[in-house]
Amino acid sequence: MKTIAAVLLALCCSLCGAQGVNEASQCQRAPCHTDTCSLPTLAEKLGSMAEKLATVENKLVLMESRFMSSEKELEELRKLTGGKPQVAFSASLRESGTGDIGPFTTKTPLQYKRVLSNIGSSYNPATGIFTAMVKGVYFFRFSMFNNLSAPPNSVVSLMKNGERLVSVWDTTGTDAHDMGSNGVVIPLEVGDNVYVELQENRLVYDDSMNYNTFSGFLLFAM
């Protein structure tokens, strides 16, 4: 602030000197109005402005530092993911034990409780439901192992927001130990739900061999 005041005084002296001796004498005899001739007041105003500018400058420096830190974190994340969101999961029905699951009197989402992978945490083993957190095109696949005792009585369907997409079924014949699978490629919006549904009065069998699985992953974001 002292530097600014000194510069201002020097500037005023230079201006007065450039006007000539007679004008300087008249200026000295002329009455000095506070609004135009009060150098201390002007210096105080300039000093106050300088302090405010210094405060703003300090805030800008702090914001720039935070911005650079965020940019660095974002760049590290891009290096890890290649700049693309990563979503993938795979799970099987049973964590332990053997036996049939079902039948139920109503259609029931299967809860694939043994999580093999869940990158992006979009799959919920407590409900068996995958919820899209990234808008894009996904691939899903599921497998089914029917009940061990004849006649077969197994029907499962891949569902999207309550709509049946594809199914696997085995309900006729006298054989057992049959398996089937199906898959789809579908677009999803953020918040869409995908799950495998066991149809009413049907059942599936599973044990530690993990015959029944549910998997999916993001092909590309949109």
Side-chain angles (χ1 to χ4, degrees), residues 74-95 100-104 106-148 152-173 175-222:
L74 182 59
E75 185 62 27
E76 292 177 353
L77 181 60
R78 285 173 178 168
K79 290 179 180 179
L80 291 174
T81 64
K84 300 178 182 179
Q86 296 183 339
V87 182
F89 79 99
S90 188
S92 60
L93 268 180
R94 288 185 173 276
E95 288 184 303
D100 292 332
I101 296 175
F104 306 108
T106 59
K107 299 175 182 179
T108 304
L110 288 172
Q111 299 175 10
Y112 295 81
K113 296 183 177 180
R114 187 187 179 196
V115 177
L116 305 174
S117 62
N118 194 14
I119 300 169
S121 302
S122 294
Y123 173 71
N124 185 351
T127 62
I129 297 175
F130 173 89
T131 302
M133 298 182 183
V134 177
K135 179 180 178 180
V137 176
Y138 292 77
F139 172 79
F140 292 95
R141 180 186 178 277
F142 66 104
S143 61
M144 181 202 77
F145 189 95
N146 67 0
N147 51 301
L148 289 177
N153 184 33
S154 302
V155 180
V156 295
S157 302
L158 185 68
M159 311 292 292
K160 172 188 173 183
N161 298 332
E163 175 189 0
R164 180 182 292 109
L165 300 178
V166 294
S167 300
V168 175
W169 63 275
D170 188 8
T171 59
T172 60
D175 59 340
H177 298 83
D178 287 340
M179 285 192 65
S181 66
N182 214 332
V184 296
V185 173
I186 55 173
L188 293 180
E189 299 287 338
V190 174
D192 283 345
N193 294 322
V194 178
Y195 55 94
V196 179
E197 186 176 76
L198 179 65
Q199 302 304 298
E200 67 269 26
N201 302 315
R202 306 296 185 177
L203 63 155
V204 293
Y205 172 86
D206 212 346
D207 55 29
S208 60
M209 298 298 288
N210 302 314
Y211 306 111
N212 298 271
T213 60
F214 179 32
S215 305
F217 54 86
L218 175 67
L219 290 172
F220 55 86
M222 294 191 302

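Position 1 is the first residue of the sequence; numbering continues from there. All of these numbers come straight from a predicted model, not from anything done at the bench.
Within the 3.5 Å criterion, the main-chain N or O of Ala221 finds no donor-acceptor partner in the side chain of Lys84. In this structure a side-chain-to-backbone donor-acceptor pair under 3.5 Å is present from Asn212 to Tyr205. Asn118 places a side-chain N or O within donor-acceptor distance of the main-chain N or O of Tyr123, the cut-off being under 3.5 Å. Not a single donor-acceptor pair under 3.5 Å links the side chain of Ser157 to the backbone N or O of Glu197. Side-chain N or O atoms of Thr108 include one that pairs as donor or acceptor with a backbone N or O of Thr106 at under 3.5 Å. Side-chain N or O atoms of Asp100 include none that pairs as donor or acceptor with a backbone N or O of Gly102 at under 3.5 Å.
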Please evaluate residues Asn182 and Leu158 with respect to the criterion side chain to side chain contact (heavy atoms under 4.5 Å, CB included), reporting the C-alpha separation (whole Å), side-chain torsions for both, the decisive distance (0.1 Å), and the verdict.
CA-CA 9 Å; Asn182 214 332; Leu158 185 68; over 6 Å; no
Taking it one step at a time, do Phe142 and Val166 satisfy side chain to side chain contact (heavy atoms under 4.5 Å, CB included)?
CA-CA 10 Å; Phe142 66 104; Val166 294; 3.8 Å; yes
Side chain to side chain contact (heavy atoms under 4.5 Å, CB included), that's the test. Do Lys107 and Arg164 meet it? Break it down for me.
CA-CA 12 Å; Lys107 299 175 182 179; Arg164 180 182 292 109; 3.8 Å; yes
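Screening residues 114-129 for salt bridge (Lys or Arg N to Asp or Glu O under 4.0 Å) gives no qualifying pairs among residues at least two apart or on separate chains.
Atom CG of residue Asp170 and atom CG of residue Asn146 lie 4.5 Å apart, to the nearest 0.5 angstrom. Atom CD of Glu95 is separated from atom CG of Asn210 by 10.5 Å, given to the nearest 0.5 angstrom. To the nearest 0.5 Å, atom OG1 of residue Thr172 and atom CG of residue Asn153 are 11.0 Å apart. A distance of 10.5 Å separates CD1 of Ile119 from OG of Ser90, quoted to the nearest 0.5 Å. To the nearest 0.5 Å, the span separating CD1 on Ile186 from CD on Glu163 amounts to 9.0 Å. For the atom pair CZ of Phe217 and CZ of Arg141, the computed distance is 11.0 Å after rounding to the nearest 0.5 Å.
For the 3.5 Å distance criterion, the side chains of Thr213 and Ser143 qualify, holding a donor opposite an acceptor.
Legend: residues meeting ring-ring contact (aromatic ring centres under 6.0 Å, His included) with Phe214, ordered by chain and number and at least two apart, are Phe89, Tyr112.
Scanning all heavy atoms of the two residues, the minimum distance from Ile101 to Leu198 falls at O-CD2, 3.6 Å. In plain terms, the two heavy atoms of Leu203 and Ser154 that are nearest each other are O-OG, 2.5 Å. For the pair Phe145 and His177, the tightest heavy-atom approach, listed with the atom from each and the gap, is CZ-CA, 3.6 Å. The shortest heavy-atom contact between Gly173 and Pro152 is O-CD, 3.2 Å. Closest approach of Lys160 to Asp192, counting heavy atoms only: CE-OD2, 3.8 Å. Between Pro85 and Leu218, the closest heavy-atom pair is O-CD2, 3.7 Å.
Atom CE of Met222 has more than 12 heavy atoms from other residues, nucleotides or ligands within 6.0 Å.
For the pair Thr171/Arg202, a side-chain contact is recorded, criterion being any heavy-atom separation below 4.5 Å from C-beta on.
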Residues 128-139 side chain polar contacts: donor-acceptor under 3.5 Å, at least two apart:
| from | atom 1 | to | atom 2 | distance (Å) |
| --- | --- | --- | --- | --- |
| Thr131 | OG1 | Asn193 | OD1 | 2.8 |
| Tyr138 | OH | Val134 | O | 2.5 |

